[in-house]
Each structure stands twice: as C-alpha cells, then as structure tokens.
Amino acid sequence: MRIWCFVPLVLALSPIGCADPVAGANLACVVPVPGAETGRVGYLQGLAGGDMLLGAKQGLFRYDAASHQVVTAGGADTVGVTSFRALTGGDVLVGAEQGLFRYDATIHQAMPAGGAETGMVMSLVTLAGGDVLVGAKRGLFRYDAASRQAVPAGGAVTGRVNIIKSLVGGDVLVGGENGLFSYDAASRQAVPAGGAVTGLVNIIKSLVGGDVLVGGENGLFIYDAASRQAVPAGGAETDQVEEIQSLEGGELLVGSKKGLFRYDAAGRQTVPAGGAGTGWVWSLLALAGGDVLVGSMNGLFRYDAASHKVVMVGGAGKGWVWSFEVLAGGDALVGTGYGLLRYDAATRPAVPAAGSEVGKVW
C-alpha cells in the first residue's frame with residue numbers, strides 16, 4: 001500500500017560535490033530538485049528526450065532534463081494524479097481525480113481526453129493494438145487511441161471499477177464494486193466471470209501457471225483462466241481481503257478482516273499464519289531477506305518467513321497501522337493512527353519519525 005510522502009521531489013545525482021566528511025571522497029547523493037513545488041509525488045513516466053512526467057497530489061509536472069528543473073505541465077488542471085499509461089507516439093494517458101487526460105508530449109500540454117465522462121480514474125491497462133482500458137468511478141471505458149476518445153466498454157460492467165489486470169492470452173480481468181468480470185479484447189465485451197459470486201473486488205494477483213487470486217469483500221477466490229470460472233479458495237475462511245503479498249517459493253500472505261493467512265499455491269489452501277494475533281490486516285510490505293511487515297488494527301507485526309510465525313514489532317508500533325513505504329537502506333516508513341513511524345530493519349523496533357508532528361497517516 002502506498003504512503004504519499006510529504007516531501008518534495010528529490011534526484012539521485014552522480015558524484016558531484018558530495019564529500020564524505022571522514023574519508024574526504026566524493027559520493028553519490030540525493031538533493032532536492034529545484035523548480036515548481038510538486039508536493040507529494042506518486043507516479044513517474046519517462047518521456048522522449050530524457051524528460052520525466054511527474055504525477056502528484058497537486059497535479060501534473062515535468063522534469064526538464066536539460067535544466068534539471070521541475071516545471072508545471074501546461075494545459076488542463078489535473079489535481080490528484082492516480083495513474084499513467086504511455087501511448088504509441090510518445091503521448092501519455094493520465095488518470096486523475098477529475099477524470100481522464102492526455103498529455104501531449106510535443107507541446108507539453110495536458111488536455112481532457114475526448115469522449116465519455118469517466119469520473120475519477122482508478123486503473124489503466126494497455127490493450128493489444130494500442131487502446132487503453134480505463135477503470136473509473138463511473139465504470140469501465142476504452143480509450144480509442146486512433147480517435148483519441150474515451151468510450152464506454154461494451155458488456156456487463158456496472159458501477160465503480162477498482163482494478164484491471166491483463167492475463168496471458170490477451171483477455172483482461174476487471175474488478176469492481178459489483179464483482180469480477182472478464183473483458184474480451186477481440187469482441188470488446190465484458191462479461192461476468194463464471195462461478196462463485198465474489199462481491200466487491202479489491203485485488204487481482206496472477207499466480208504461476210496462469211491462475212489468478214481474487215480478493216474482495218466476500219473473501220479469497222481462485223479464477224481459473226482456462227475455464228473462466230471463479231471458485232472459493234480452499235482452507236480457512238478469510239472474509240474481506242485487503243492485501244496479498246508474494247513470498248519466496250510461490251506461497252502468498254493474505255491480509256484480511258479475520259487476520260493474516262498464508263496461501264499454499266500448490267494445495268490451493270489458506271491457513272492461518274501462526275503466532276501473534278494481528279486482528280484486521282490492512283497492509284503488507286516485503287522486507288529484504290523474505291520477512292514481511294504487517295499493518296493491522298492491533299498494531300505493527302513482522303511475519304517471519306523462516307518459522308512461518310507472526311511476531312509483534314517492538315518499540316512504538318502500537319495502535320492501528322495503515323500503510324508502508326520502503327526507505328533507502330531497508331528501513332520503512334509506517335503510517336499509523338497516531339502519526340508516522342520508522343521501522344529500523346537492523347534492530348527491528350519501530351520509532352517515531354523525527355521532524356514535524358503529522359498526526360494520523362493513511
């Protein structure tokens with residue numbers, strides 16, 4: 001799960017003037033990028049010529065490679081960027097809170113994508129041929145690259161679309177508030193996925209071999225790509241699934257309303273993760289070495305991959321934990337109901353992050 005970092009854009013530079021005060025040697029360093037104030041940056045997309053498109057909470061920006069400056073992208077107001085998708089020819093499709101936009105890389109301008117009104121965009125997936133499937137608040141749409149228009153996707157999808165996932169073979173799975181759908185790229189039609197009723201779908205994760213795990217309000221399901229059928233995953237009942245994290249060896253961790261579970265891909269079974277009781281799990285973060293940080297209503301935990309056990313993290317990691325972001329060196333930022341913490345990967349405690357008091361962090 002992403003933390004929006006409350007810091008300006010920074011740039012990793014080649015060794016220029018960053019002296020080690022002990023050794024006296026020049027080192028690579030990280031410095032703030034001058035120019036427009038971006039606020040929280042969540043998405044980056046490379047442009048022809050070396051420039052970079054930046055998606056931020058405050059809108060759309062461009063990093064000018066020649067001047068090493070950040071400038072505001074011209075054109076339409078695109079506050080709350082949610083996604084990017086490169087288009088054939090160099091332009092970029094931009095999903096934002098206000099809808100769908102196209103960034104013209106030639107004139108450096110963002111403009112509303114023509115056609116249907118999508119509402120807030122949640123997910124973008126490129127289809128064979130260059131069109132883009134758009135999951136949005138108002139449903140499922142297809143951006144026609146030739147006409148530069150967004151049109152409603154044909155078929156049965158209704159309501160908000162949360163996630164879109166490409167499958168091997170060209171078909172696409174679509175998850176939203178009204179269940180799981182299969183979008184056939186050839187016929188341009190979406191149909192309800194056969195089998196079990198999944199309810200609201202939050203997560204779609206591909207497995208080795210072609211099957212897909214689907215997590216939502218009614219628990220964990222396996223979508224069989226060959227039969228196009230969804231069946232409940234065997235084993236322990238997970239209830240509402242919030243997060244899925246891959247482990248070494250093909251297994252997965254599943255965070256849910258009923259706690260933390262381990263999914264055995266070979267046996268297609270979920271089993272409760274042993275150890276401490278996490279309560280409702282909201283977020284998972286893989287650590288170097290195979291362990292996983294677990295954020296839950298009961299605080300901060302660590303899943304020990306060697307013992308398959310959950311242990312409570314020492315230090316300040318109490319209370320509701322919502323989100324994570326990895327830091328350079330292996331530490332992690334932890335967003336909690338009581339403020340921002342830093343997880344020390346070497347000593348394994350959680351400590352308050354130094355600096356300003358930020359309050360609740362989602």
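What you see is a predicted model, and the numbers here were worked out from it, not measured in a lab. This chain uses plain numbering: 1 for the first residue, then up along the sequence.
Separation of the W282 and W320 ring centroids falls under the 6.0 Å cut-off.
Criterion: ILVMFWY side-chain heavy atoms under 4.5 Å apart, direct or through other members. Under it, Y103 and F84 are part of a common hydrophobic cluster. V292 and V310 fall within a single hydrophobic cluster, where Ile, Leu, Val, Met, Phe, Trp and Tyr are joined by side-chain heavy atoms under 4.5 Å apart, directly or via other members. Both L87 and V134 are members of a single hydrophobic cluster when ILVMFWY side chains are connected at heavy-atom separations under 4.5 Å. L93 and M122 fall into different hydrophobic clusters, where Ile, Leu, Val, Met, Phe, Trp and Tyr are joined by side-chain heavy atoms under 4.5 Å apart, directly or via other members. Cluster annotation: V157 and L127 are assigned to the same hydrophobic cluster (Ile/Leu/Val/Met/Phe/Trp/Tyr, side-chain heavy-atom contacts under 4.5 Å, transitive).
For the pair Q189 (side chain) and G155 (backbone), a donor-acceptor distance under 3.5 Å is present. In this structure, T278 contributes its side chain and V281 its backbone to no donor-acceptor pair below 3.5 Å. For Q240 (side chain) and K257 (main-chain N/O), no donor-acceptor pair under 3.5 Å exists by modelled atom type. The main-chain N or O of V121 is found under 3.5 Å from a side-chain atom of T82 such that the two form a donor-acceptor pair. With hydrogens and angles disregarded, no donor-acceptor distance shorter than 3.5 Å links the side chain of Q109 to the backbone of D104. A donor-acceptor pair under 3.5 Å links the side-chain atoms of D51 to the main chain of A65, judged by distance alone. The main-chain N or O of G235 is found under 3.5 Å from a side-chain atom of Q269 such that the two form a donor-acceptor pair. Q45 places no side-chain N or O within 3.5 Å of a backbone atom of L53 that could act as its donor or acceptor partner. The closest donor-acceptor contact from the side chain of D91 to the backbone of A105 lies under 3.5 Å. Formation of a donor-acceptor pair under 3.5 Å by the S256 side chain with backbone atoms of T238 is found in this model.
A distance of 8.5 Å separates CG in L253 from CD in E251, rounded to the nearest 0.5 Å. Between the CE atom of M120 and the CG atom of L100 there is a distance of 13.0 Å, given to the nearest 0.5 Å. Expressed to the nearest 0.5 Å, how far CG of L284 lies from CZ of F301 amounts to 12.5 Å. Rounding to the nearest 0.5 Å gives a distance of 5.5 Å between CG of L220 and CD1 of I244. We find the OG1-NE2 distance between T72 and H108 to be 13.5 Å, quoted to the nearest 0.5 Å. The CG atom of D264 lies 11.0 Å from the CG atom of L247; values are rounded to the nearest 0.5 Å.
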Practice problem: Please step through side-chain contact (heavy atoms from CB on, under 4.5 Å) for the pair N178 and L200, ending with a clear verdict. | Solution: CA-CA 6 Å; N178 291 322; L200 182 146; over 6 Å; no
Quiz item: Do V241 and N202 pass the side-chain contact (heavy atoms from CB on, under 4.5 Å) test, and can you show the C-alpha distance, the side-chain angles, and the key distance before you say yes or no?
Solution: CA-CA 8 Å; V241 173; N202 299 320; 5.9 Å; no
Quiz item: Where do L260 and V254 land on the side-chain contact (heavy atoms from CB on, under 4.5 Å) test, with the steps shown first?
Solution: CA-CA 6 Å; L260 188 67; V254 179; over 6 Å; no
Quiz prompt | Worked verdict on Q245 versus L252 for side-chain contact (heavy atoms from CB on, under 4.5 Å) | solution = CA-CA 6 Å; Q245 175 66 56; L252 300 102; over 6 Å; no
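The two residues L180 and Y223 have their closest heavy-atom pair at CD2-CD1, 4.0 Å. Between S283 and V321, the closest heavy-atom pair is OG-O, 4.1 Å. The nearest pair of heavy atoms linking M312 to G299 is CE-CA, 4.4 Å. Minimum interatomic distance between V191 and A156 (heavy atoms only, all atoms of both residues): CA-CB, 4.5 Å. Looking at every heavy atom in both residues, S206 comes nearest to S166 through OG-O, 4.5 Å. Between S123 and I164, the closest heavy-atom pair is OG-N, 3.4 Å.
W280 and E242 share a donor-acceptor pair across their side chains, judged by distance under 3.5 Å alone.
Residues forming a side chain to side chain donor-acceptor pair (under 3.5 Å) with S246 (at least two apart in sequence, or on another chain): K205. Applying the salt bridge (Lys or Arg N to Asp or Glu O under 4.0 Å) rule to K258 yields the partners E237; only residues at least two apart in sequence or on another chain are considered.
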Ignoring hydrogens and angles, write down the donor-acceptor pairs under 3.5 Å from the side chains of residues 137-146, residues two or more places apart or on other chains.
residue, atom, partner, partner atom, Å
R142, NH1, D131, OD2, 2.9
R142, NH1, D144, OD2, 3.2
D144, OD1, A146, N, 3.0
D144, OD1, S147, N, 2.9
D144, OD1, S147, OG, 3.2

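Other residues, nucleotides and ligands contribute more than 12 heavy atoms inside 6.0 Å of the CD atom of E97.
Within the 4.5 Å cutoff, the side chain of L293 has heavy atoms near those of the L300 side chain. Side-chain contact between V201 and N162 is absent, with no heavy-atom pair separated by less than 4.5 Å.
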